[in-house]
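Labels below follow one simple rule: chain letters A, B, ... track the order of the sequence lines, proteins then strands, and each chain is numbered from 1. Computed from a predicted model, the values in this text were never measured in an experiment.
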Protein chains: 2
Amino acid sequence: MSSLLDFLTLENQLCFAIYETNSQFTKLYSNVLHPFGITYPQYLVLLALWERNGMTVKELGERLKLGTGTLTPMIKRMETNGWVRKERAANDERKVCIFLEAKALDEKHAITEVIAKEVLACNIELAEYEALLQQLKALQGKLSTGL
Amino acid sequence: MSSLLDFLTLENQLCFAIYETNSQFTKLYSNVLHPFGITYPQYLVLLALWERNGMTVKELGERLKLGTGTLTPMIKRMETNGWVRKERAANDERKVCIFLEAKALDEKHAITEVIAKEVLACNIELAEYEALLQQLKALQGKLSTGL
DNA sequence: CTCAATTAAATCGTGTACGATTTAATTGTA
DNA sequence: TACAATTAAATCGTACACGATTTAATTGAG
């Protein structure tokens, strides 16, 4: 990109590059996760819960930056499929805590293994991976000022 | 990230960083575009058509990596709102070409201006912007091998 | 103690997004 | 020229994603 005149071409839009890459990750991960019967967003929920089991819907929403309009029906599907269980907090009946079911704990290794294998197959250098991660976090910080 | 042992934490997932950043862009752009009565994906369609007017649904889908299941209803909404017009190709009645309506041409400057202003307000360095764009394209190439 | 403000989920309506199927037009080959 | 294969859109069913509203439980000021 040589000047701001090129700003409006699709090819030079950072937002579009992110949009496209996100689609690619979604498709790649969906393929791998399909045999397990989970979707890519559901896998992100599992990742969050594997790290900290028993989070409330609100905490999960803060972690994944998702609202209840997305999470409530998604958790219901994961509940139906035996991945998680809902439990009302005893001290505050408004809160609903989400706990992993045995299935989610048992499948953890198998799932992370196929995901890791798939990512490794893409031959992404560790340095490249980390650099991108750092830059994305820097970008996230800057974008958040506009919200 | 020090080793592959950290691979499964949400914080170190490149896919999640991309997922989050995409959400941020979506929200930021949606706020700005809302007064014009278009959504962020619809803005991407306009960007593509401003570059090359009269593309078929298939071409638009290839450009934006979207299928007809997404595009057909979206174009219908944009048609209803007066942004585009559909026209069957004379030489091949299967093809449907999408043309910008006057509204889309008239609003082009106003829309790109507010978007540019919003992005500039985030204080993203040009070098940072270009580096990220390059790295994302490199990543896209590697991810595409897995699809 | 009480009742208005706050908080946590659930619900609702709209708009993507995708895989699979269907419909209709065109093409290639016998 | 037939007519089966191919191609382009549309359609369908499921699953996010979000803003706005609603419901129910808790908190807090008077």
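- Atom-to-atom, CD of B:Glu93 to P of D:dT7 comes out at 19 Å; the value is rounded to the nearest Å.
- B:Lys86 has no side-chain polar atom (N or O) that falls below the 4.0 Å cut-off from OP1 or OP2 of D:dA8.
- Distance, B:Lys95 NZ to C:dA24 C1': 15 Å, rounded to whole Å.
- Comparing A:Thr68 and B:Thr70 by the nucleotide of DNA chain C whose heavy atom lies nearest to each, the residue mapping closer to the 5' end is A:Thr68.
- When the nearest nucleotides of DNA chain D are assigned to A:Pro73 and A:Ala90 by heavy-atom distance, the more 5′-ward of the two goes with A:Pro73.
- When the P atom of D:dC16 is taken as reference, atom NZ of A:Lys27 falls 17 Å away, rounded to whole Å.
- Checking the phosphate oxygens (OP1, OP2) of D:dA15, no side-chain nitrogen or oxygen of A:Tyr40 falls inside 4.0 Å.
- Here the C1' atom of nucleotide D:dC16 and the CD1 atom of A:Ile75 are 13 Å apart, to the nearest Å.
- Here B:Arg63 does not pair with B:Glu59 in a salt bridge; the nearest charged N to carboxylate O distance is not below 4.0 Å.
- Rounded to a whole Å, the CE atom of A:Met74 is 16 Å from the C1' atom of C:dA9.
- For A:Lys58 and A:Thr26, each mapped to the nucleotide of DNA chain C holding its nearest heavy atom, the one lying further toward the 5' end belongs to A:Lys58.
- Minimum atom distance to the side chain of A:Thr72 is reached by C:dT11, of the listed C:dA25, D:dC16, C:dT11.
- Rounded to an integer number of Å, the gap from CZ of A:Arg88 to P of C:dA9 is 8 Å.
- Residues B:Gly69 and A:Arg94 both approach DNA chain D. Their nearest nucleotides, taken by heavy-atom distance, put B:Gly69 toward the 5′ side.
- The residue B:Leu71 sits apart from the nucleic acid: no heavy atom pair falls under 4.0 Å.
- A distance-only check finds a donor-acceptor pair linking the side chain of B:Thr112 to the backbone of B:His109 [under 3.5 Å].
- Although no hydrogens or angles enter the test, the distance criterion places no donor-acceptor pair under 3.5 Å between the side chain of B:Arg85 and the main chain of B:Glu101.
- Taking atom CG on B:Asn91 and atom C1' on D:dT7, their separation rounds to 14 Å, with Å as the unit.
- Between the C1' atom of C:dA10 and the CZ atom of A:Arg77 lies a distance of 14 Å, rounded to the nearest Å.
- Counting heavy atoms from C-beta on, the side chains of B:Leu136 and A:Leu14 come closer than 4.5 Å.
- Within 4.0 Å (heavy atoms only), A:Thr56 reaches sugar-phosphate atoms of the nucleic acid but no base atom.
- OP1 and OP2 of C:dT14 both lie 4.0 Å or more from every side-chain N or O belonging to B:Lys76.
- The side-chain heavy atoms of A:Leu33 and A:Val114, taken from C-beta on, include no pair separated by under 4.5 Å.
- For C:dT16, the OP1/OP2 oxygens have a side-chain nitrogen or oxygen of B:Thr39 closer than 4.0 Å.
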